[in-house]
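Presented below is the structure to which this report refers.
Here is how names work: the chains are called A, B, and so on, in the same order as the sequence lines, proteins then strands, and each is numbered from 1.
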2 protein chains.
Amino acid sequence: MVRAGLTAERLTRAGAELADEVGFEQVTVSALARRFDVKVASLYSHLKNSHDLKTRIALLALEEMADRGAAALAGRAGRDALSAFADVYRDYAREHPGRYAAAQLKLDPGAAAASAGRRHSRMTRAILRGYDLDEPDQTHAVRLLGSVFHGFVSLEAQGGFSHSAPDSQESWDRSLDALDALLRNWPAPRPS
Amino acid sequence: MVRAGLTAERLTRAGAELADEVGFEQVTVSALARRFDVKVASLYSHLKNSHDLKTRIALLALEEMADRGAAALAGRAGRDALSAFADVYRDYAREHPGRYAAAQLKLDPGAAAASAGRRHSRMTRAILRGYDLDEPDQTHAVRLLGSVFHGFVSLEAQGGFSHSAPDSQESWDRSLDALDALLRNWPAPRPS
DNA sequence: TGCGCTGCCTAATAGGTTTAGGCAAATTCT
DNA sequence: AGAATTTGCCTAAACCTATTAGGCAGCGCA
């Protein structure tokens, strides 16, 4: 009986591929076992449970996006950096829809702390170095940017923008123009 | 044997409550049957299948949000309308996390057409009447607003903004300030 | 060469999904 | 009212996923 050579890492990678193929929802310990031509129970020596698998895929996706983000930011600033960084999320979601969905998993505090979440917010903050914002406006802007990136990408993936003109690519470009203009001219809190 | 009086509508409403209580992921035909103290198979005269149930909950959530949105917009314009409308999504997601999650379900074309999706985009467009935007910028702005609303609310729900100052409420207010400023001063496409 | 650890297996339990077919309650007709 | 019919919930069964317990064989090392 030849051993399959299972490890948590290989399972996670295969799980990520599976997610991209059939959707993150359909990622199942059983399907993964089938893919390795192995009995389901065998996976439980490497994974705590199904949720553990999903969490690992989420962490992988967050790392991969962070890596791409870092590469995109290298040597860029201002609107250039903004655009390149934003495209990282959009492109990643298009190439790896299952992984992107995984990254939206609500992580428990332990996993969240071990995740690339901090890298993401640090990189977003780095983009703002090209603009003139002090705390706490910088944090507000980080959150706004994150919201736009995630919101646009996920509405687009949901099909929210399809079947209606103009092309969503155009809206993406113009939204980034708009964010760039906004960051260059960040408004003071309005008097309440 | 007393009849339970099941209907698709009652099941949908109960499913929505269940979603808010235990999370949309955990909404299951079995759990719903338990809640009505009825055998699982009985639900299949009212629901095509599990996916049908989820779709109905999603449609309900979209309708409810659209209703609230319409109420919020009545008699308001400009920044007031923007703020009230945005709060509809955020408040709804906080009051009804399971329903809000349901509303993110990717609908098949049939369901999407029958959904309140169009109402949502028409209302968002109505907000822009308080600003001076022509097509196609209006469409771009509609999409950007939708992205911010959904993105912020869902990152917040995921816990993305917790455990770090400042309060996410503040970022929400300032983001709306920013959007208001942006819409008042929507930039032309930058020369490429 | 044999010892032990590790990795994958069999077996079993529990719960969710879905279909087929039955009986009784509710509704309609005479 | 009583009979006929429709409808609603049930039993039964097949199948899938998740998870745990315990077994045996291969591989690494002495």
Side-chain angles (χ1 to χ4, degrees), chain A residues 1-60 98-99 101-102 105-108 110-111, chain B residues 1-60 98-99 101-102 105-108 110-111:
Chain A
M1 180 168 303
V2 187
R3 296 199 176 180
L6 306 179
T7 66
E9 286 69 36
R10 286 191 62 196
L11 290 171
T12 304
R13 270 196 297 277
E17 285 163 26
L18 185 59
D20 289 333
E21 289 164 23
V22 304
F24 184 58
E25 300 289 299
Q26 331 301 323
V27 170
T28 194
V29 182
S30 302
L32 202 51
R34 247 174 265 129
R35 174 161 292 220
F36 280 92
D37 205 20
V38 136
K39 297 296 170 181
V40 193
S42 308
L43 302 200
Y44 283 82
S45 338
H46 306 280
L47 305 169
K48 267 220 318 290
N49 50 40
S50 176
H51 183 256
D52 180 36
L53 170 62
K54 288 177 182 162
T55 299
R56 285 170 189 271
I57 297 173
L59 294 177
L60 173 66
R99 282 150 143 108
L105 193 68
K106 182 167 178 167
L107 300 171
D108 48 282
Chain B
M1 182 170 302
V2 187
R3 295 199 176 182
L6 306 180
T7 66
E9 288 67 38
R10 286 191 62 197
L11 289 171
T12 305
R13 269 197 297 278
E17 284 164 25
L18 185 58
D20 289 334
E21 289 165 23
V22 305
F24 184 58
E25 300 288 299
Q26 331 301 324
V27 171
T28 194
V29 182
S30 302
L32 202 51
R34 247 173 266 130
R35 175 162 292 221
F36 280 92
D37 206 17
V38 135
K39 297 297 170 179
V40 194
S42 307
L43 302 201
Y44 282 83
S45 337
H46 306 280
L47 305 170
K48 265 219 320 290
N49 51 40
S50 175
H51 183 255
D52 180 38
L53 169 63
K54 288 179 183 164
T55 299
R56 285 170 189 271
I57 296 173
L59 294 177
L60 172 66
R99 284 150 142 108
L105 193 68
K106 181 166 179 166
L107 299 172
D108 47 283

| said: As an exercise, state the distance from CZ of Arg34(B) to NZ of Lys39(B), rounded to the nearest 0.5 Å. | reply: 11.0 Å

| message | If I take atom CG from residue Leu43(A) and atom CG from residue Asp52(A), how far apart are they, to the nearest 0.5 angstrom? | response | 11.5 Å

| task | List the steps and the verdict of salt bridge (charged side-chain N to carboxylate O under 4.0 Å, His left out) for Lys106(B) and Glu25(A). | result | CA-CA 12 Å; Lys106(B) 181 166 179 166; Glu25(A) 300 289 299; over 6 Å; no

| query | Would you say dT17(C) has OP1 or OP2 under 4.0 Å from some side-chain N or O of Ser50(B)? | reply | yes

| said: Tell me the interatomic distance from Leu6(B), atom CG, to dA26(C), atom P, rounded to whole angstroms. | reply: 14 Å

| query | What's the spacing between Leu60(A) CG and Arg56(A) CZ if we round to 0.5 Å? | reply | 11.0 Å

| Length of the NE2-P vector between His46(B) and dT17(C), whole Å | 17 Å

| In whole angstroms, how far is the C1' atom of dA13(D) from the NZ atom of Lys39(B)? | 15 Å

| query | From dG16(C), dC9(D), dT19(D), pick the nucleotide closest to the side chain of Val40(A)? | reply | dT19(D)

| query | The side chain of Asn49(A) lies closest to which of these nucleotides: dT17(D), dT19(D), dC9(D)? | reply | dT19(D)

| message | From OH of Tyr44(A) over to P of dC9(C), roughly how many Å is that when rounded to an integer? | response | 14 Å

| said: If I take atom CD in residue Glu9(A) and atom P in nucleotide dG7(C), what distance separates them, rounded to the nearest angstrom? | reply: 12 Å

| task | Starting at atom NZ of Lys48(B), determine the distance to atom P of dT19(C), rounded to an integer number of angstrom. | result | 11 Å

| said: Counting only side-chain nitrogens and oxygens, does Thr28(B) get under 4.0 Å of the OP1 or OP2 atom of dG15(C)? | reply: no

| request: Check for a donor-acceptor pair, side chain of Thr7(A) on one end and backbone N or O of Arg10(A) on the other, with a separation under 3.5 Å. | output: yes

| task | Rounded off to whole Å, could you give me the CG-to-C1' distance for the Leu43(A) and dT6(C) pair? | result | 16 Å

| field | Proximal nucleotide (of dT19(C), dA21(D), dC16(D)) relative to the Ala41(B) side chain | value | dT19(C)

| message | Please determine whether a side-chain nitrogen or oxygen atom of Ser42(A) lies at a distance below 4.0 Å from atom OP1 or OP2 of dC9(C). | response | yes

| task | Kindly say if Arg34(B) contacts the phosphate of dG16(C), meaning a side-chain N or O under 4.0 Å from OP1 or OP2. | result | yes

| message | Measure CD/Gln26(A) against P/dT17(C) and give the value in whole Å, please. | response | 13 Å

| task | Tell me which of Gly5(B) and His51(A) sits closer to the 5' end of DNA chain D, going by the nucleotide each one is nearest to. | result | Gly5(B)

